[in-house]
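Structure record follows, encoded as structure tokens.
The first residue of the sequence shown is numbered 1, and numbering continues consecutively from there.
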Amino acid sequence: GGWGAAKALKENGCEVILLDGLPDPTGATPYLTPTGKPFEAGTRGFWKDYPNVEQMMESLDIDVNKVLTPFRASSFFSPYGLEATAPVFSDSSLPQLPSPLGQVFATFSNFKRLPIKDRVTMVGLLYAMLDFTRDEKTFEAYDRMTAHELFLRMGLSKRLVDDFIRPTLLVGLFKPPEELSAAVAMELLYYYALAHQDSFDVRWVAEKTIAESLVNPLANSLSEGENPITIMPSSLVSGLQLDDTGRVTSLTYTKRGSSDVETLSDLDGCVLALGAKGMKAVVGGSPEVAKKAPELSAAASLGSIDVMSVRIWLDRYVECENPANVLASFPELRGAGGTFFLLDQIQPDQSYLWGGEEPQGTVLACDFYNSGAVATLGDDDVIKLLMEKLIPSAVPAFRSAKVLDSFVQRYPGAVTWFSPGSYKSRPPLETSLPNLVCAGDWVRMGKREHGAKGLCQERAYVSGLEAANSLARRGVLKGKKKIHQVIPVREDEEQVKLGRKVNKNVMRVLGRVGLASPWVR
């Protein structure tokens with residue numbers, strides 16, 4: 001979000017200062033393990049409907065088809081073996097059918113163990129898809145309900161939820177259904193799976209890391225030409241100061257490793273591109289902001305989710321049908337969501353993956369989401385869990401591979417938690433303060449709402465563009481009023497529009513007798 005805002009503000013002719021807690025937020029200095037091998041927290045995909053991220057890449061002359069892989073299938077594994085495969089529709093010969101018929105017919109053989117009688121219970125969820133965005137009041141009612149409760153009321157089978165939907169939510173929103181807002185769970189399932197037949201088509205970074213291949217070219221372009229932005233690494237904002245009119249005029253920050261408090265003054269506008277953890281720290285150090293912008297105090301009260309990332313270098317290459325894999329229903333995960341990626345099947349530059357050493361085998365990137373319980377294990381025990389239990393249960397050939405090197409990193413409170421009832425507490429794009437706006441994938445964008453949903457790079461980037469656009473529209477940029485283009489995702493398909501229209505009319509009539517959406521309240 002912060003980079004999106006910086007891009008739009010620079011292009012509007014503003015002097016931009018970007019403060020970031022990372023030692024090098026530009027991606028110019030790769031993050032390396034103690035043995036000198038590249039490492040990145042989390043393996044993030046680029047889905048079909050990422051129009052603004054792709055437009056940004058094209059504007060920087062980044063070859064999208066070189067930096068990103070072709071669309072790739074993904075596998076879901078349980079202790080019993082392969083459960084399902086998420087196929088690729090964009091590059092296949094399968095006919096494009098109306099959603100969800102296309103997904104149903106095209107994936108008929110992709111569920112390996114889930115009985116048809118369980119699959120058909122998904123119908124209840126399809127109706128909720130038509131209903132949950134009927135109006136703001138209805139959305140808030142769905143938000144107050146847990147996804148688990150919605151699935152029960154819509155008649156989804158326990159096996160469908162446990163074997164497929166639960167692991168999908170654990171790696172998509174990083175929490176199980178009983179701890180997630182039903183509304184946000186529905187947003188995620190619709191955006192990534194149900195909006196169009198090919199919505200779940202996903203690509204991965206084929207060159208180096210996201211920081212090096214995407215962020216660094218963007219940072220370089222913003223640091224050149226007219227009014228280059230100023231980037232301040234290792235800078236932790238500790239508070240915002242207001243003038244008598246309630247405008248943010250300065251901020252205080254400390255450099256990582258120092259206790260000296262420094263000040264940036266004469267600010268015309270401010271973008272808070274923070275998660276829940278960062279918001280708590282900044283609002284906690286800004287009593288006047290907490291007093292005059294209670295919505296930010298509410299945002300600071302929300303919880304966050306622990307994440308753990310692991311990278312493993314093996315002594316041999318192991319073949320796997322798909323390079324991207326989800327671990328489902330393993331009791332050893334201790335409630336976490338798990339993924340493992342074969343980076344050597346995603347990135348052709350094997351020497352890079354080995355930090356310049358002679359490549360010797362498969363390189364695994366493994367991530368745990370909602371990792372609080374499993375992260376209490378020691379590093380060696382985490383590697384043993386992965387290499388002796390979890391991954392060999394999915395792909396037995398890994399049993400014969402030996403670990404040559406590994407690295408484990410824990411990120412407590414790193415990701416937004418879309419808990420039940422959290423919607424009204426999430427930060428708004430435009431705050432009560434005239435020159436303070438928010439960016440990030442958890443931000444409520446109001447009238448500027450975008451079709452990209454959940455924890456996704458597209459939504460975070462768009463929120464940054466819209467934050468900068470808001471400052472321009474509100475006239476706080478000294479006459480600079482240029483609005484950065486924001487590209488919408490593909491329109492809903494006609495059958496979805498019709499279904500929502502009919503449902504809205506029916507519920508309007510039922511609402512007169514108190515029967516509109518009786519499963520939510």
Side-chain angles (χ1 to χ4, degrees), residues 30-45 69 72-79 81-83 85 167 171 202 204-213 307-328 330 332-334 336-369 371 374-375 377-411:
Y31 185 78
L32 302 177
T33 70
T35 58
K37 299 181 179 68
F39 181 86
E40 187 166 45
T43 306
R44 286 160 284 180
T69 67
R72 304 292 292 267
S74 308
S75 298
F76 287 70
F77 290 100
S78 76
L82 180 64
E83 291 286 344
T85 300
V171 300
V202 61
W204 308 97
V205 173
E207 283 192 347
K208 301 181 179 180
T209 62
I210 291 177
E212 293 172 90
S213 296
V307 177
M308 181 166 64
S309 294
V310 183
R311 195 159 287 193
I312 303 172
W313 291 263
L314 301 178
D315 70 336
R316 67 195 65 189
Y317 288 98
V318 179
E319 290 298 320
C320 189
E321 181 179 358
N322 294 310
N325 304 279
V326 176
L327 297 168
F330 286 87
E332 293 85 358
L333 286 170
R334 303 187 181 191
T339 59
F340 69 95
F341 294 82
L342 284 75
L343 295 183
D344 52 289
Q345 292 187 20
I346 294 175
Q347 300 197 359
D349 189 350
Q350 304 293 298
S351 178
Y352 171 81
L353 293 175
W354 283 83
E357 296 179 7
E358 183 69 24
Q360 299 188 54
T362 288
V363 180
L364 290 169
C366 311
D367 299 301
F368 296 90
Y369 306 107
S371 63
V374 72
L377 297 172
D379 289 0
D380 290 344
D381 289 328
V382 170
I383 302 302
K384 287 181 181 178
L385 172 64
L386 286 164
M387 293 306 302
E388 295 180 9
K389 177 61 182 178
L390 296 176
I391 297 178
S393 296
V395 184
F398 277 100
R399 295 189 188 280
S400 60
K402 294 182 180 179
V403 176
L404 298 181
D405 197 2
S406 63
F407 188 63
V408 181
Q409 281 286 83
R410 296 165 179 80
Y411 303 93

Quiz item: Do Val395 and Phe340 pass the side-chain contact (heavy atoms from CB on, under 4.5 Å) test, and can you show the C-alpha distance, the side-chain angles, and the key distance before you say yes or no?
Solution: CA-CA 11 Å; Val395 184; Phe340 69 95; 4.2 Å; yes
Quiz prompt | Non-hydrogen side-chain atoms of Ser74 and Asn322 separated by less than 4.5 Å | solution = no
Self-check item: Heavy-atom pair with the smallest gap, counting every atom of Ala397 and Val318
Solution: CB-CG1, 3.7 Å
Quiz item: Just wondering, are more than 12 heavy atoms of other shown residues or ligands nearer than 6.0 Å to CG in Asp381?
Solution: yes
Exercise. Over all heavy atoms of both residues, which pair between Ala336 and Ser371 is shortest? Give the atoms and the distance, please.
Key: CB-CA, 4.2 Å
Self-check item: Arg72 side chain vs Trp204 backbone, donor-acceptor pair below 3.5 Å
Solution: no
Exercise. Kindly indicate whether the side chain of Val403, heavy atoms from C-beta on, has any atom under 4.5 Å from the side chain of Ile383.
Key: yes
Quiz prompt | Donor-acceptor pair between Ser213 and Glu207 side chains, under 3.5 angstrom | solution = no
Exercise. To the nearest 0.5 Å, tell me how far Leu364 CG sits from Ser406 OG.
Key: 11.0 Å
Quiz item: Looking only at atom types and distance, does a side-chain atom of Arg316 sit under 3.5 Å from a main-chain N or O of Ser400, one as donor and one as acceptor?
Solution: yes
Practice problem: Could you tell me the separation between the CH2 atom of Trp354 and the CG atom of Asp349, rounded to the nearest 0.5 Å? | Solution: 13.5 Å
Practice problem: Please assess Glu40 against Val205 for the test side-chain contact (heavy atoms from CB on, under 4.5 Å), listing each intermediate value before the final yes or no. | Solution: CA-CA 11 Å; Glu40 187 166 45; Val205 173; 5.9 Å; no
Self-check item: Heavy-atom closest contact (Phe341 atom, Ala324 atom, distance)
Solution: CE2-CB, 3.4 Å
Quiz item: Considering all heavy atoms of both residues, which atom of Asp405 and which atom of Lys37 are nearest to each other, and what is their separation?
Solution: OD2-NZ, 2.8 Å
Practice problem: State, to 0.1 Å, how close Leu404 and Gln360 come at their nearest heavy-atom pair, and which atoms those are. | Solution: CD1-OE1, 3.5 Å
Quiz prompt | Value rounded to 0.5 Å, distance of CD1 in Ile210 from CD in Glu212 | solution = 11.0 Å
Self-check item: 4.5 Å side-chain heavy-atom contact, Leu377 and Lys384
Solution: no
Quiz item: Quick one: are Tyr352 and Thr209 in side-chain contact, heavy atoms under 4.5 Å?
Solution: yes
Practice problem: Start with the C-alpha gap between Gln347 and Val363, add the side-chain angles, then the distance that decides, and say whether side-chain contact (heavy atoms from CB on, under 4.5 Å) holds. | Solution: CA-CA 10 Å; Gln347 300 197 359; Val363 180; over 6 Å; no
Quiz item: Taking all atoms of both residues into account, what is the closest heavy-atom pair of Ala328 and Pro79, and its distance?
Solution: O-CD, 3.4 Å
Practice problem: To the nearest 0.5 angstrom, please state how far the CD atom of Gln350 sits from the CD atom of Glu357. | Solution: 13.5 Å
Quiz item: Donor-acceptor pair, Asp367 side chain versus Thr43 backbone, under 3.5 Å?
Solution: yes
Quiz item: What distance separates Gln345 CD from Glu319 CD, expressed to the nearest 0.5 Å?
Solution: 5.5 Å
Quiz item: Any side-chain heavy-atom pair from Thr33 and Arg311 closer than 4.5 angstrom?
Solution: no
Exercise. Taking the side chain as every heavy atom from C-beta outward, state whether Tyr411 and Ser309 have any atom pair closer than 4.5 Å.
Key: yes
Practice problem: Look at the aromatic rings of Phe407 and Tyr31 and report parallel, tilted or perpendicular, splitting at 30° and 60°. | Solution: tilted
Quiz item: Nearest 0.5 Å, what's the CD1-CZ distance between Ile391 and Phe330?
Solution: 9.5 Å
Practice problem: Please lay out, stage by stage, how Val382 and Arg410 fare under the test side-chain contact (heavy atoms from CB on, under 4.5 Å). | Solution: CA-CA 11 Å; Val382 170; Arg410 296 165 179 80; 4.1 Å; yes
Quiz item: Can you name the one residue among Leu342, Ile312, Asp315 that meets side-chain contact (heavy atoms from CB on, under 4.5 Å) with Thr362?
Solution: Leu342
